[in-house]
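What follows is a set of notes on a single structure, which appears directly below.
As a basis for the values below, the full set of heavy atoms in this structure was taken, side chains included, without hydrogen atoms, waters or symmetry mates. Note that ligands are numbered from 1 as they come in the structure, with each ligand's atoms numbered from 1 the same way.
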Amino acid sequence: MSTVVYIPRDAGALSLGAELVATAVITEAKKRNLGLRVIRNGSRGIYSLEPLVEVQTANGRLAYGPVTVADVASLFDANFLTGGAHRLSQGPSEEIPYLKSQQRLTFERVGVIDPTDIADYVAHGGYRGLRNALALEPVAIVQAVLESGLRGRGGAAFPTGIKWKTTADQAADQKYVTCNADEGDSGTFADRMLMEGDPLMLVEGMTIAGVAVGATQGFVYLRAEYPHAQKILNEAIASAYRMGYLGNDVLGSGKRFDLEVRMGAGAYICGEETSMLESLEGRRGEVRVRPPLPAIKGLFGKPTIVNNVISLASVPVILDKGAEFYKSFGTGKSRGTLPIQLAGNVKNGGLIERAFGVTLKELLYDYGGGSASGRPIRAVQVGGPLGAYIPAGQFDTPVDYEALSGIGALLGHGGIVAFDDTVDMAVMARYAMEFCAIESCGKCTPCRIGSTRGVEILDKILQGVATDQNVALLEELCETMLNGSLCGLGGMTPFPVQSALKYFPEDFRRAPAKGTRTAQGMR
Ligand SMILES: Cc1cc2nc3c(=O)[nH]c(=O)nc-3n(C[C@H](O)[C@H](O)[C@H](O)COP(=O)(O)O)c2cc1C
Ligand code: SF4
C-alpha cells in the first residue's frame with residue numbers, strides 16, 4: 001500500500017513553495033522506487049510552518065515543516081515516510097501547540113481532508129447537518145440557527161437566524177441564497193482558507209440555507225483575486241452535483257438547490273452586501289439605499305439571504321451537533337467560535353479558531369509569538385481597514401463583539417494586523433482616508449468628497465502645518481463622515497483615524513517640514 005503524504009494546495013502554502021515541494025516529493029519517490037500517494041489538502045493555518053508536509057504513519061499523522069525543495073532528499077534519507085526524525089519534524093500534527101489549543105468547529109476538517117473528495121468529507125462528518133435539516137420542517141431549521149446565537153461573520157454581526165426568518169417569511173416565486181466571499185478586509189483570509197480547505201462545508205451550509213428559506217438557487221460571489229479558491233470550489237460543486245447533494249432532488253428529498261460561483265469585480269465596495277447584489281446582477285458595484293432589505297427585496301428584486309462564508313459554513317455544525325452545542329462556546333451575546341486571522345508584524349501569523357473571549361494578548365503572544373521584528377507591538381488594527389487601532393495597553397481585551405465595541409473598536413471579519421513601535425500612526429490615519437478615497441463607490445458626498453479632503457488635511461498635519469486647526473478640522477470631518485455616509489465604507493473610515501488621534505496623539509504633533517510656511521492662517 002502506498003504511503004499517503006499531504007501537501008497543501010492552499011494559496012498561502014503555494015505562495016511559500018508548496019507546488020514545487022509537491023513535485024519534488026513525487027519525483028524523489030519515483031527515483032527511489034517508493035510507493036506514495038500525495039493528497040493536496042488545505043492549510044492547517046500555521047503559516048510559519050508552510051509548506052507543511054504531513055505523512056500518514058502507523059503512529060498517526062506526522063508533520064514536517066517548513067519544507068523547501070532543498071529539504072526533500074534529506075527527508076527521504078531520514079525515512080520520513082515512516083515518521084523518521086528530521087530537523088523539520090513537528091511531531092504528530094494534532095499535537096502542534098498552535099493547533100492543539102484551538103477549538104476548531106468550522107475549520108475542523110481544514111488541512112485534514114482532501115478538499116474536493118466527497119467520500120473523505122462524509123467520512124469526517126460532512127453532510128450530517130444537511131441530512132438532519134432535510135428531516136426537519138424549514139421553520140425548525142431557521143429556529144435552530146436562531147437558537148445557536150450565530151451572528152454574521154462578515155462584519156456587521158447581525159443574527160443569522162433573524163435574517164433567514166425574514167427571507168423565509170416572504171412569499172415569492174423565487175428566492176436566492178448568496179454567499180459573500182469577497183473577503184476584502186486587510187489581514188483576512190479565513191474565507192479563502194475555508195473555501196480552499198473544506199469547500200463542501202460552504203456548499204452544505206448554503207444548501208441548508210436554501211432548504212430553510214425556500215430558495216432554489218445559490219451564488220457564491222468570490223473575490224476576483226482568489227483563482228485557487230475558484231477552481232477548488234468549482235471542483236467541489238461538480239462533485240456535489242454528481243453525488244446528488246446538489247440539483248433537482250437533493251439527497252432524494254424532492255427539494256432543489258443549484259449553486260454557481262460568480263467572480264467578483266475586484267473592488268472593496270463589492271463586499272458591501274447591496275453593492276455585491278448590484279455586481280451579481282451585472283452592474284457596477286454601487287451601494288443601494290436600504291430599505292428595502294435584501295432579505296425582502298434582494299437579487300433581481302427577490303428575497304435574498306446574503307451571508308458571509310464563515311456564517312454559512314458554521315450552519316452544518318449547528319444542524320449536526322445542535323444549537324445548544326454551538327451556543328456552549330463563547331461568551332455573552334457572542335456565541336460559538338471565531339476563526340481569527342493573525343497577520344502583520346507577528347512571528348507566527350495564521351488562523352486560530354477559538355471560542356469568543358480569547359484575549360488579544362493571548363493571540364498576539366501565545367499564538368503569534370510577538371512581533372516578527374522583535375520590537376514591542378505598539379498597536380493592532382482589528383476588523384479590516386475600517387477597524388479601530390487598539391493600543392498595547394488594551395491587549396487584555398477579550399475578542400468578542402461587545403468587549404471590542406466597549407473600547408470603541410469592532411471585530412469585523414476577525415482579522416488582526418499587528419504593528420511594532422516603528423509604526424507612524426499619523427501615516428496610518430492618512431492611509432485610512434486614502435483607502436476610502438480610492439475605494440469609495442461615489443454615491444454619497446461625505447464619503448466621496450470627505451475622504452479626499454481627509455487626505456489633504458492629513459498631508460498638512462504630516463507636514464506640521466497648523467496642526468491644532470487641522471486636527472480640529474479632521475475631527476469634525478470624521479463626525480460628518482460617521483453620521484452622514486450611506487454605508488459602512490464612509491461611515492467607518494473615521495474609526496482608524498479617530499482611534500489613532502485618541503491613542504497616539506504624539507504622532508500627529510510634527511515639526512514643520514523644511515520650507516513649509518507655518519504662519520497662522522496657513523491651511
Ligand atoms: C465596505 C464594506 C465591505 C464589506 N466587505 C465584506 C466582505 O468582503 N465580505 C463579507 O462577508 N461582508 C462584507 N461586508 C459586510 C456585508 O455588507 C454584509 O453585512 C455581510 O456580507 C452579511 O453577511 P453576514 O451576516 O453573514 O456577516 C462589507 C461591508 C462594508 C460596508
Ligand atoms: S459611504 Fe462611500 S462607499 Fe458607501 S455609499 Fe457612500 S460613497 Fe458609496
Side-chain angles (χ1 to χ4, degrees), residues 106 145 150-164 166-167 177-192 194-195 202 205-206 209 220-226 264-280 284-290 293-295 298 304-315 336 338-339 383-387 401 410-415 432-433 435-452 454 480-495:
T106 317
V145 175
L150 176 66
R151 292 165 70 180
R153 303 294 192 239
F158 189 79
T160 306
I162 294 181
K163 199 180 269 188
W164 286 24
T166 308
T167 300
V177 175
T178 60
C179 170
N180 190 341
D182 203 42
E183 197 163 50
D185 282 357
S186 40
T188 64
F189 44 87
D191 293 352
R192 180 189 59 68
L194 191 284
M195 291 184 289
L202 174 59
M206 291 185 75
V220 178
Y221 185 83
L222 182 64
R223 184 184 166 122
E225 296 90 342
Y226 282 177
Y268 182 69
I269 196 59
C270 288
E272 191 282 335
E273 60 183 12
T274 61
S275 283
M276 185 196 86
L277 294 174
E278 285 287 296
S279 181
L280 262 178
R284 177 174 178 267
E286 194 178 68
V287 173
R288 292 178 183 172
V289 177
R290 273 172 298 196
L293 294 170
T304 302
I305 289 180
V306 183
N307 271 133
N308 172 256
V309 173
I310 303 299
S311 317
L312 289 160
S314 302
V315 168
L338 182 74
L386 315 177
Y401 297 117
L410 56 96
L411 183 47
H413 185 44
M433 282 292 183
F435 179 81
C436 182
I438 292 168
E439 297 293 339
S440 170
C441 84
K443 186 144 178 161
C444 68
T445 314
C447 169
R448 186 184 69 247
I449 306 290
S451 53
T452 298
T480 305
M481 289 176 71
L482 201 70
N483 296 312
S485 298
L486 187 57
C487 87
L489 180 48
M492 297 196 302
T493 291
F495 293 162

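N308 places a side-chain N or O within donor-acceptor distance of the main-chain N or O of I310, the cut-off being under 3.5 Å. Side-chain N or O atoms of H413 include one that pairs as donor or acceptor with a backbone N or O of R153 at under 3.5 Å. R288 places a side-chain N or O within 3.5 Å of a backbone atom of G298 that can act as its donor or acceptor partner.
Taking a cut-off of under 4.0 Å to the non-hydrogen atoms of G490, the atoms of ligand 2 that pass are 1 (S). Close approach of ligand 2 to G442 (heavy-atom distance below 4.0 Å) involves ligand atoms 7 (S), 8 (Fe). Distances below 4.0 Å separate heavy atoms of L489 from the following atoms of ligand 2: 3 (S). Each of the atoms 26 (O), 27 (O) of ligand 1 lies under 4.0 Å from some heavy atom of R153. Numbered from 1 in the order shown, with element, the atoms of ligand 2 that lie under 4.0 Å from a heavy atom of S485 read 1 (S). Remark: ligand 1 atoms within the under-4.0 Å shell around heavy atoms of G184 are 8 (O). Atoms of ligand 2 found under 4.0 Å from any heavy atom of S440 (numbered from 1 in listed order, with element): 2 (Fe), 7 (S).
Taking every heavy atom of both residues into account, E286 and C441 meet most closely at CG-SG, 3.7 Å. Heavy atoms only, all atoms of each residue included: A265 and S279 are closest at CB-OG, 3.8 Å. Shown here for P294 and E273, the closest heavy-atom pair between the two residues is CG-OE2, 3.9 Å. Of all the heavy atoms in A157 and Y401, the pair that sits closest is CB-CE2, 3.6 Å.
For atom 1 (C) of ligand 1, the nearest non-hydrogen atom of the protein is Y268 CE2, 3.6 Å. Taking atom 3 (C) of ligand 1 as the reference point, the nearest protein heavy-atom neighbour is E272 N, 3.6 Å. Atom 8 (O) of ligand 1 has its closest protein heavy atom at E183 N, 3.1 Å. Atom 26 (O) of ligand 1 has as its closest protein heavy atom S311 OG, 2.6 Å. In this structure, the protein non-hydrogen atom closest to atom 23 (O) of ligand 1 is N308 N, 3.2 Å. Looking from atom 2 (Fe) of ligand 2 to the surrounding protein, the closest heavy atom is C447 SG, 2.3 Å. Looking at atom 9 (N) of ligand 1, its nearest protein heavy atom turns out to be N180 OD1, 3.2 Å.
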### Query
What do the steps show when you test R290 against E272 for salt bridge (Lys or Arg N to Asp or Glu O under 4.0 Å), and what is the final call?
CA-CA 12 Å; R290 273 172 298 196; E272 191 282 335; 3.2 Å; yes
### Task
Apply side-chain contact (heavy atoms from CB on, under 4.5 Å) to S451 and T493, showing your working.
CA-CA 8 Å; S451 53; T493 291; 5.7 Å; no
#### Entry: E439/I269 under side-chain contact (heavy atoms from CB on, under 4.5 Å): CA gap, chis, key distance, verdict
CA-CA 6 Å; E439 297 293 339; I269 196 59; 5.7 Å; no
### Message
Using side-chain contact (heavy atoms from CB on, under 4.5 Å), reason through V287 and L489 one step at a time and then give a plain yes or no.
### Response
CA-CA 10 Å; V287 173; L489 180 48; over 6 Å; no
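Proximity annotation for atom 24 (P) of ligand 1: of G152, C487, P294, P385, G152 comes nearest, heavy atoms only. Heavy-atom proximity to atom 16 (C) of ligand 1, evaluated over G271, G154, G155, A156, is greatest for G271.
Considering both main-chain and side-chain atoms, N307 comes within under 3.5 Å of ligand 1 through a nitrogen or oxygen pair. Checking only distances, D182 never comes within under 3.5 Å of ligand 1, N or O to N or O. Between D191 and ligand 1, no N or O atom pair is found at a separation short of 3.5 Å.
The closest approach between any non-hydrogen atom of K163 and ligand 1 is below 4.0 Å.
Contact annotation: the side chain of L150 never approaches that of W164 to less than 4.5 Å [non-hydrogen atoms, C-beta and beyond]. Residues L338 and L411 have side chains in contact (heavy-atom distance under 4.5 Å, counting atoms from C-beta outward). Side-chain contact between D182 and Y268 is absent, with no heavy-atom pair separated by less than 4.5 Å.
For C444, the nearest N, O or S atom to atom 6 (Fe) of ligand 2 falls under 2.8 Å. Inclusion of C487 in the first shell of atom 8 (Fe) of ligand 2 is not supported: no N, O or S atom falls under 2.8 Å. Using a cut-off of 2.8 Å, one finds that C441 contributes no N/O/S atom close to atom 2 (Fe) of ligand 2.
How far CZ of F158 is from OG of S311: 12.0 Å, rounded to the nearest 0.5 Å.
Residue E273 touches ligand 1 through backbone and side chain together, judged by heavy-atom distances below 4.0 Å. No part of H413 comes within 4.0 Å of ligand 1, judged by heavy-atom distances.
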